[in-house]
2 protein chains.
Amino acid sequence: MALSSVVPSVSRLPKLAEQATERPNEVDTKSRILDAAEELFMEHGFEATSLRLITTAASVNLAAANYHFGSKEELFQAVLTRRLDPMNQDRMALLTAYETASGGTALTCEKIISAMFIPALKLARNHDQGGKNFLRLLGRAYADPAPFIREFLSNQYAAMIARFRAAFGRALPHLEREEVSWRLHFVMGALSYTLAGTDALKMIAQFHPEEINNDELLLKRLAPFLAAGLRAPVQATDSHQWFQET
Amino acid sequence: MALSSVVPSVSRLPKLAEQATERPNEVDTKSRILDAAEELFMEHGFEATSLRLITTAASVNLAAANYHFGSKEELFQAVLTRRLDPMNQDRMALLTAYETASGGTALTCEKIISAMFIPALKLARNHDQGGKNFLRLLGRAYADPAPFIREFLSNQYAAMIARFRAAFGRALPHLEREEVSWRLHFVMGALSYTLAGTDALKMIAQFHPEEINNDELLLKRLAPFLAAGLRAPVQATDSHQWFQET
DNA sequence: GCTAATTTCAAACAATCGTTTGATTGACTT
DNA sequence: AAGTCAATCAAACGATTGTTTGAAATTAGC
């Protein structure tokens with residue numbers, strides 16, 4: 001917070017021109033902290049993860065976390081932005097590509113859902129970068145009550161949500177704007193819950209213990225479910241069919 | 001933990017036969033702690049809520065929390081059990097009532113979803129008991145990474161989940177067991193995410209600022225979405241229609 | 001009214017938290 | 001070679017955490 005520079009210079013990073021064959025996993029302190037923090041925040045949550053746990057796992061000094069990121073909250077935000085920002089950029093770029101390819105005709109729900117999920121899937125496949133850990137961390141962050149987390153995510157997602165709400169509105173012209181907002185909300189809910197929870201992983205292990213590419217299997221189950229929900233007929237406002245006891 | 005009795009006797013609870021007109025909100029220490037903990041756990045999460053915050057809000061001594069509940073974790077579990085156990089009992093009882101009423105014919109998805117949601121709705125309507133706070137707390141707990149929370153919820157939900165999975169299996173005979181498990185998982189996800197998040201409340205305030213009975217409006221949007229998703233056609237296992245780039 | 005059990009209370013416990021400090025290291029510029 | 005500046009380090013900061021203690025207060029049983 002009172003740090004002189006959140007982005008310090010690169011004078012002493014990797015001993016400069018060291019032999020590349022020396023140690024392949026040797027990266028700068030900043031990235032080591034981010035990697036360790038990503039895994040530990042996912043495993044224990046924000047409050048329950050101490051900076052000492054993170055810096056020990058990263059094999060760096062305790063003060064390095066505050067030096068490079070300012071505070072624990074800023075470190076958490078840095079962990080999220082590192083992957084979340086590119087992913088949402090990919091989502092919007094893919095949606096734009098679909099729309100220009102289709103000419104003037106409205107996109108199908110399937111296409112729009114693909115534009116949301118393919119970038120997430122691509123991130124999850126980045127095993128060398130621990131992308132799968134990040135998706136679970138993201139799902140947890142979405143349910144975290146801390147105000148600074150909710151504000152941060154709200155800002156990060158605002159542009160993408162607005163973009164996809166407009167696309168769904170064109171794909172489902174018979175739905176009023178409010179209904180489209182609700183259904184997009186439910187889509188995001190089922191997605192983040194599935195990515196965050198451990199239950200989904202348990203189910204995959206139960207039914208397909210040999211399966212490696214978990215996330216594609218997961219989204220292949222989720223996508224038809226969501227597309228059908230999006231296309232559901234609207235419920236009459238005064239209807240009580242759902243809530244009569246018998 | 002090392003307490004002599006987690007369930008102490010009732011020797012000094014409400015000053016015994018005090019005048020009922022004295023103070024209507026005068027309840028025993030144990031309930032005061034539970035009420036304050038329910039609200040504060042929902043607002044700040046488990047780790048970020050200190051026992052001093054809880055006991056101060058409840059106007060009781062700090063040591064009373066450990067005396068009556070043993071530990072902070074046991075207090076959290078007590079907060080959950082107090083409402084979760086009766087709600088899940090209600091859900092299963094309602095499902096049984098529907099099944100006996102229908103004779104031998106299988107229930108519709110709408111009926112089964114009703115059996116899941118009506119008890120939750122009934123709990124949310126208990127304004128004198130702060131039931132709405134509890135539903136949001138429950139949704140947050142479902143995304144909490146703490147192992148003792150996940151184990152506890154898994155045990156609490158196991159019987160109900162198994163009961164409803166069987167009902168959905170009979171309602172959707174064309175789906176294989178694995179697919180039914182997945183879709184039930186997605187239903188639980190959209191529900192808990194919607195109940196836990198603040199976004200849903202913001203949307204209600206945005207579109208219906210005058211509306212009071214928020215939860216019924218919310219579930220009236222959610223139920224058709226989920227029912228359509230449950231009835232969605234199955235996706236071919238080798239199909240790639242969802243994930244091709246163009 | 002007396003004893004025993006239960007509950008409340010103020011105070012302290014050891015441990016851990018995020019953050020800061022000041023010195024030291026090492027690579028760069030001039 | 002001297003000096004500059006970013007980076008690392010051990011150590012400590014004050015504050016807060018969950019939990020425990022032992023005495024005081026209140027109630028229940030007889």
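Keep in mind that this is a model prediction, so the values were computed, not measured. Reminder, nothing fancy here: chain letters follow the sequence lines and each chain counts from 1.
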**Asked** Under 6.0 Å between ring centres, would you say that holds for A:Y157 and A:Y142?
**Response**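 Yes, the ring of A:Y157 comes within the 6.0 Å limit of the ring of A:Y142, centre to centre.
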Can you tell me the distance, in whole Å, between the [atom1] atom of [X] and the [atom2] atom of [N]?
X: A:I33; N: C:dT19; atom1: CD1; atom2: P; answer: 13 Å
X: B:L51; N: D:dT17; atom1: CG; atom2: P; answer: 9 Å
X: B:Y67; N: D:dG18; atom1: OH; atom2: C1'; answer: 19 Å
X: B:K30; N: C:dT8; atom1: NZ; atom2: P; answer: 11 Å
X: B:I54; N: D:dT17; atom1: CD1; atom2: P; answer: 11 Å
X: A:F76; N: C:dT19; atom1: CZ; atom2: P; answer: 14 Å
X: B:E73; N: D:dT19; atom1: CD; atom2: C1'; answer: 13 Å
X: B:E74; N: D:dT19; atom1: CD; atom2: C1'; answer: 12 Å

**Steps toward side-chain contact (heavy atoms from CB on, under 4.5 Å) verdict (B:D85, B:L80)** = CA-CA 8 Å; B:D85 202 42; B:L80 290 185; over 6 Å; no
**Message:** Using side-chain contact (heavy atoms from CB on, under 4.5 Å), reason through A:R82 and A:D35 one step at a time and then give a plain yes or no.
**Reply:** CA-CA 10 Å; A:R82 180 171 62 153; A:D35 290 338; 3.1 Å; yes
Taking only side-chain N and O atoms of [X], does any of them lie within less than 4.0 angstrom of OP1 or OP2 on [N]?
X: B:H68; N: C:dT8; result: yes
X: A:S71; N: C:dG18; result: no
X: A:S50; N: C:dC17; result: yes

**Criterion side-chain contact (heavy atoms from CB on, under 4.5 Å) on B:V60 and B:Y67, from CA distance to verdict** = CA-CA 12 Å; B:V60 302; B:Y67 175 78; over 6 Å; no
With 3.5 Å as the limit, what N/O pairs link the protein to nucleotides 11-13 of chain D?
from	atom 1	to	atom 2	distance (Å)
D:dA12	N6	A:R52	NH2	3.4

**Message:** Taking the cut-offs as 6.0 angstrom to the six-membered ring centre and 45 degrees off its axis, would you call B:K72 and B:F46 a cation-pi pair?
**Reply:**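 Because its charged atom sits under 6.0 Å from the ring centre and within 45° of the axis, B:K72 does stack over B:F46.
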**Asked** Out of curiosity, A:L184 CG to A:M188 CE, how far, rounded to the nearest 0.5 Å?
**Response**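 If I round to the nearest 0.5 Å, the distance is 6.5 Å.
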**Atom pair CZ/CE of A:R91 and A:M160 - distance to nearest 0.5 Å** =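 Result: 5.0 Å between the selected atoms.
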**Request:** Using a heavy-atom cut-off of under 4.0 Å over every strand shown, decide if B:T49 touches base, sugar-phosphate, or nothing.
**Result:**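 Sugar-phosphate, backbone atoms only, no base.
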**Request:** Please figure out whether B:S59 or A:E47 has its closest DNA chain C nucleotide nearer the 5' end.
**Result:**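 It is B:S59 whose nearest nucleotide is closer to the 5' end.
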